[in-house]
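Here is the structure we will look at.
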Amino acid sequence: MLIECILIGSSLCHTVNAKPAKPHFATRQNAVVAVLKDRPVMALLALDVTAKVMDYRQTRQDYLLGGFQEHNPILRPMLGHPAAMYAYGAAYALGSAWLGHKMRTSRFGLARKLWWLPQAISIEQNVYGFASTRAHYRR
């Protein structure tokens, strides 16, 4: 009987010691901080902003020379206002970076594999716009 009490007592002591005193909950990062710490997304964001600045600057120069036709209906009213044009470009680049980060951290495998696609499309659009503007409107 004494041996049974000792065995039961020792097994109860081990089960109590195995449980943590407080449950540990992982703290979530702020969404903006999480995107800013994602280095591959930030590298593509830097390329995207560079392509946008090149495209918008060339567009603005050719618009001031006259005879320029903008095909982007969202950007067309902003041609006379460079601050609005650059703000739109920054918002578009940040939106595609946020979407790329969300895809990169997604639970779906296909989205994790194609996380770079929104930013790559944005970069391609601006490089194409810069190249076509540069080729068609020579000074």
Side-chain angles (χ1 to χ4, degrees):
M1 187 74 149
L2 182 63
I3 294 178
E4 290 175 9
C5 289
I6 293 173
L7 290 175
I8 290 174
S10 67
S11 65
L12 288 177
C13 289
H14 289 296
T15 58
V16 171
N17 289 338
K19 292 182 183 178
K22 289 183 183 178
H24 177 68
F25 296 110
T27 57
R28 288 191 62 194
Q29 246 181 357
N30 187 350
V32 175
V33 173
V35 173
L36 292 175
K37 286 185 176 180
D38 198 352
R39 287 184 184 224
V41 171
M42 285 295 110
L44 283 179
L45 176 69
L47 286 174
D48 194 8
V49 169
T50 303
K52 284 187 186 318
V53 167
M54 286 175 25
D55 182 25
Y56 291 170
R57 186 171 173 150
Q58 187 67 39
T59 299
R60 176 88 175 132
Q61 287 175 353
D62 291 338
Y63 173 74
L64 291 176
L65 289 175
F68 178 73
Q69 295 292 323
E70 176 63 46
H71 297 291
N72 185 352
I74 296 172
L75 198 59
R76 196 175 302 139
M78 297 181 207
L79 284 176
H81 311 285
M85 194 164 58
Y86 287 115
Y88 165 74
Y92 193 92
L94 285 174
S96 64
W98 177 80
L99 181 61
H101 172 72
K102 284 299 197 183
M103 289 176 69
R104 186 172 154 86
T105 58
S106 174
R107 63 184 175 141
F108 301 108
L110 184 62
R112 280 194 311 269
K113 290 178 184 175
L114 297 175
W115 66 269
W116 49 269
L117 196 59
Q119 290 177 297
I121 290 172
S122 177
I123 293 167
E124 183 271 331
Q125 289 171 346
N126 287 109
V127 168
Y128 176 77
F130 173 74
S132 67
T133 304
R134 188 92 170 157
H136 290 108
Y137 298 97
R138 299 255 175 189
R139 293 176 248 338

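None of the values given here were measured: they were computed from a predicted structure. Computation of the quantities below employed the complete heavy-atom set of this structure, encompassing side-chain atoms and omitting hydrogens, waters and symmetry-equivalent molecules.
- Hydrophobic clustering, with ILVMFWY side chains joined whenever heavy atoms are under 4.5 angstrom apart, groups Ile121 together with Leu114.
- Considering only residues two or more places apart in sequence or on other chains, Leu44 meets the side chain to side chain contact (heavy atoms under 4.5 Å, CB included) condition with Leu47, Trp115, Trp116, Gln119, Ile123.
- Qualifying side chain to side chain contact (heavy atoms under 4.5 Å, CB included) partners for Lys37, counting only residues two or more places apart in sequence or in other chains: Gln29, Val33.
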Scan the side chains in residues 73-81 for donor-acceptor partners under 3.5 Å anywhere in the protein, sequence neighbours excluded, and list what turns up.
residue	atom	partner	partner atom	Å
Arg76	NE	Glu70	O	3.0
Arg76	NH2	Glu70	O	3.3

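- Taking CZ from Arg60 and CG from Leu65, the interatomic distance works out to 11.0 Å, rounded to the nearest 0.5 Å.
- Residues meeting the side chain to side chain contact (heavy atoms under 4.5 Å, CB included) test with Leu36, sequence neighbours left out: Val32, Met42.
- The CG atom of Asn72 sits 8.5 Å away from the CD atom of Gln125 when rounded to the nearest 0.5 Å.
- Other residues sharing a hydrophobic cluster with Met54 under the 4.5 Å side-chain heavy-atom criterion for ILVMFWY residues are Phe130.
- Of all heavy-atom pairs between Ala93 and Val49, the closest is CB-CG2, 4.0 Å.
- For the residue pair Leu45 and Ala97, the shortest heavy atom distance occurs at CD1-CB, 3.9 Å.
- In terms of the side chain to side chain donor-acceptor pair (under 3.5 Å) criterion, residue partners of Arg104 (sequence neighbours excluded) are, by chain and number, Asp38.
- The backbone N or O of Lys102 sits nowhere less than 3.5 Å from a side-chain atom of Ser106 that would complete a donor-acceptor pair.
- Considering CG of Asp55 and OG of Ser132, their distance stands at 7.5 Å, rounded to 0.5 Å.
- Among all heavy-atom pairs drawn from Ala51 and Val127, the shortest one is CB-CG2, 4.1 Å.
- With sequence neighbours excluded, no residue satisfies side chain to side chain contact (heavy atoms under 4.5 Å, CB included) with Ala87.
- Within a 6.0 Å sphere centred on OH of Tyr88, heavy atoms belonging to other residues, nucleotides or ligands number more than 12.
- Expressed to the nearest 0.5 Å, how far CG of Leu64 lies from OG1 of Thr59 amounts to 11.0 Å.
- Within the structure, every pair that satisfies the salt bridge (charged side-chain N to carboxylate O under 4.0 Å, His left out) test and touches residues 39-50, not counting sequence neighbours, is listed here: Asp48-Lys52.
- Pairing each heavy atom of Phe68 with each of Thr133, the nearest pair is CE1-CG2, 3.8 Å.
- There is a path of hydrophobic side-chain contacts, each under 4.5 Å, that joins Val41 to Leu117.
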